[in-house]
Amino acid sequence: MKIYNTMTGRKDDFVPLATGRVGMYACGVTVYDYCHIGHARSAIVFDVISRYFRYKGFQTTFVRNFTDIDDKIIRRAGETGVTWDAVARKYIDEYYRDMDALGIARADIEPKATEHISEMIDVVQTLIAKGHAYAVQEGENESVYFAVDTFGDYGKLSKKDLHDLQAGARVCVDERKKSPMDFALWKASKEGEPWWESPWGKGRPGWHIECTAMAMRHIGETIDIHGGGADLVFPHHENEIAQSEACTGKPFAKYWVHNGFITIDKEKMSKSLGNFFTIREILGVYDAEVVRLFVLSSHYRSPIEFSRDQLHDAESSIDRYYSTVARMDDVIALALEAKSAKMQPAAAAALENMLDRFRPQFEEAMDDDFNTAIAVGHIFELIREINRFVDTKPGGPEAAALLRKAKESLRTVGGTLNLFGRTPQQWNVALLCAKKIPLTEDGIQAKLKERRTARENKDWAAADAVRNELDVAGIVLEDKKDGTTWRVKIV
RNA sequence: GGCGACGUACCCAAGUGGCAAGGGGGAGGUCUGCAAAACCUUUAUUCAGCGGUUCGAAUCCGCUCGUCGCCUCCA
């Protein structure tokens, strides 16, 4: 298994610290606003990575944190006239509402910064004792900064040179700091700000220290995988490395995994540019599975351009998938009553051959730095082969068994990608909802019954009238030997 | 200014030394009461451009052009 490691700049063989176990930590969100589709990408990517480790049989501990104390949260509290912790609570709730709707599994441990204050203080004290950090008086309290020049490896993750950074520093020079690149481990609390008691008086944690404290507490001093969005490489992860490794003298993480951005008109989607869509805006128009396939159709490190066309493509692909499942179900359902059990040997052999290769190919794709785009490609190759087989009009228990085997493989692989877990019927009902089609399943069935009577009487005009009526509403009918089924039209 | 990434068909997207995956769309066909779905054929002699290395390059090297990211909070 190979994983691209930001630290080494290449794909490295994955060797866990402890055989058969993986500890991974992904940076979550700062809870001061609704999540946008960029947060969704990161969540989807690390959800699937953790699923794949489990698929491979690793005993996996996945930690994803909430930053629930921070300048932006305090500012938002001031703007809206509520307390900072009320802001954090609200947006944690909203986070879960969005991520649950997106179908993202909960991480094994979802720690909050404010619940690990004492662990952070311990790390900061150790850093001061080892001469890597210094306290500075600020009003009645003290702030603590990490002295970047005491950590020789500073810049090793982001490949930055300390001198270049200082030369081109855009950060304001802060008189209190010994060096402009030093960063806050602990911030003295100003009047009206939230605070915790500490050896440096009243204060609150800096941004980076929480991840060090929580990763060590919940996984260990060295973790297998540390991940997050590519924008966290510098300064966040660089600073985490400095403070963690200076504290323990051990490597902080073995593999650094960073997902690429979602872009709008080729530009990074971000709060500051204002060019973002929230998860709930998108889920008001597209089904969650569509968003997940859209994200997984590209490699996780590539930038992906967000657009209506892209989501539409993903929607069509999923519809193709479920249409094929429906065809398989028809063959399986008719197997018992099939008078002539038959199967073309060549067609069956072709499908069996592809089925034998399917799981190994999936693993080969995912083992190569989680290449979900290729994995999805293999799924659709199998779908095509299944359709070829079904086109030969197979029947009987042997054909049914072969298709059941295909369904089982697809279910396992799909489950690992968190895709294709529903029935065709559930998919179409979900589409009624996503596309806001004002019809219920029962209502559609009533129309189908009406049309069946017309067709039995060979009243083609009346039958076509029903078809047209439903077509206008966005429903397509498919006449088959044993009845008519409906689908939501993808336009 | 420093560091880094990317440029593959009408659109999206894999492929990083040996015949250019997959999805969407377009065109033609089979099937069908009419449709839809599905399948078949077709849609890149070519991978931003120019050189170089090689028996062989989308893939490696160099240059040019273009786009984007990080260097400040960011997934």
Side-chain angles (χ1 to χ4, degrees), chain A residues 6 9 26-30 32 35-46 70-72 75 155 158-161 163-172 181 207 227-236 238 258-263 266-273 276 293-294 297-299 301-305 307 309-321 323-324 326-327 361 365 368 371-384 386-392 455 458-461 463-464 467-468 471 476-480 484-487 489-490:
Chain A
T6 306
C27 288
V29 295
T30 300
Y32 73 103
C35 290
H36 60 62
I37 192 79
H39 299 113
R41 182 181 196 188
S42 197
I44 290 166
V45 163
F46 288 102
D70 149 282
D71 291 350
K72 292 189 291 297
R75 192 189 322 133
S158 55
K159 315 288 180 278
K160 292 185 190 305
D161 183 87
H163 297 291
D164 292 343
L165 277 173
Q166 287 174 7
R170 286 196 273 158
V171 284
C172 306
M181 295 316 298
W207 175 31
D231 46 3
L232 297 182
V233 174
F234 189 91
H236 185 51
E238 195 70 69
H258 293 99
N259 65 274
F261 301 123
I262 288 186
T263 60
K266 302 283 183 197
E267 279 193 320
K268 177 186 170 183
M269 181 186 291
S270 73
K271 286 276 170 62
S272 45
L273 287 168
F276 62 91
L293 179 62
F294 159 66
S297 292
S298 306
H299 186 85
R301 282 188 282 118
S302 309
I304 42 177
E305 172 74 8
S307 72
D309 282 353
Q310 296 268 60
L311 288 170
H312 172 263
D313 282 1
E315 190 175 58
S316 298
S317 298
I318 295 172
D319 198 58
R320 173 174 165 78
Y321 181 93
S323 294
T324 299
R327 301 183 84 208
Q361 284 179 326
D368 185 10
N371 199 326
T372 55
I374 291 188
V376 168
H378 288 316
I379 287 175
F380 281 99
E381 284 169 15
L382 179 56
I383 287 293
R384 177 190 298 276
I386 290 167
N387 277 317
R388 282 194 189 112
F389 177 70
V390 172
D391 273 4
T392 64
R455 291 184 77 213
K458 294 207 178 341
D459 183 354
W460 306 125
D464 288 350
R467 182 194 288 290
N468 289 336
D471 185 75
V476 194
L477 302 185
E478 296 183 12
D479 291 330
K480 298 171 184 173
T484 300
T485 56
W486 64 274
R487 304 170 45 247
K489 188 166 52 172
I490 307 290

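Chain identifiers are assigned alphabetically (A, B, ...) following the order of the sequence lines, protein sequences preceding nucleic acid strands; residue numbering begins at 1 within each chain.
- Closest to the E381(A) side chain, of the nucleotides rG22(B), rA35(B), rA75(B), is rG22(B).
- Judged by distance alone with a 3.5 Å cut-off, no donor-acceptor contact links the side chain of D70(A) to the base of rC73(B).
- Following rounding to the nearest Å, N387(A) (CG) and rC39(B) (C1') show an atom-to-atom distance of 8 Å.
- Taking atom OH of Y32(A) as the reference point, atom P of rA75(B) lies 6 Å away to the nearest angstrom.
- Remark: the D464(A) side chain and the rG33(B) base include a donor-acceptor N/O pair separated by less than 3.5 Å.
- Considering only the side chain of P235(A), rC73(B) comes nearest among rC73(B), rA14(B), rA37(B).
- Residue N371(A) places at least one side-chain N or O under 4.0 Å from the OP1 or OP2 atom of rG15(B).
- Closest contact between the side chain of R384(A) and the listed nucleotides rA37(B), rG24(B), rC39(B) involves rC39(B).
- In this structure, the nucleotide among rC73(B), rA75(B), rA14(B) sitting nearest to the side chain of L232(A) is rA75(B).
- Residue E315(A) contributes atom CD, which lies 22 Å from atom P of rC11(B) at whole-angstrom precision.
- Evaluation of atom-type donor-acceptor distances gives no pair under 3.5 Å for the side chain of D161(A) against the base of rG2(B).
- Comparing rC12(B), rA14(B), rG69(B) by their closest approach to the side chain of I374(A) singles out rA14(B).
- Comparing rA37(B), rC71(B), rA75(B) by their closest approach to the side chain of K160(A) singles out rC71(B).
- You'll find a donor-acceptor pair under 3.5 Å spanning the side chain of R467(A) and the base of rA35(B), going by distance alone.
- In the set rC39(B), rC71(B), rG23(B), rG23(B) carries the atom at the smallest distance from any side-chain atom of D313(A).
- Following rounding to the nearest Å, R320(A) (CZ) and rG25(B) (P) show an atom-to-atom distance of 10 Å.
- The strand RNA chain B forms stems, runs of 3 or more Watson-Crick or G-U wobble pairs with distances below 3.5 Å, at B:1-7 with B:65-71, B:10-12 with B:22-24, B:25-30 with B:38-43, B:48-52 with B:60-64.
- Separating the CG atom of L273(A) from the C1' atom of rC68(B) is a distance of 12 Å, rounded to the nearest angstrom.
- As rounded to whole Å, 13 Å separates atom C1' of rC73(B) from atom CZ of F234(A).
- Listed for the Q310(A) side chain is a donor-acceptor partner under 3.5 Å among the backbone atoms of E305(A).
- rC10(B) and rA44(B) have their C1' atoms separated by 12 Å, with the value rounded to a whole Å.
- Projected onto RNA chain B by closest heavy-atom contact, S323(A) and A230(A) fall at different nucleotides, the more 5' of which corresponds to S323(A).
- At rG69(B), none of the side-chain N or O atoms of K266(A) fall inside 4.0 Å of OP1 or OP2 (strictly under the cut-off).
- Spacing between atom CD of E478(A) and atom C1' of rC31(B) amounts to 13 Å, rounded to whole angstrom units.
- Counting only heavy atoms from C-beta on, S298(A) has its side chain closest to rA13(B) among rG33(B), rA13(B), rA75(B).
- Comparing rG69(B), rA14(B), rA21(B) against the side chain of E267(A) picks out rG69(B) as the nearest.
- The nearest whole Å value for the distance from the NE2 atom in H299(A) to the C1' atom in rA14(B) is 11 Å.
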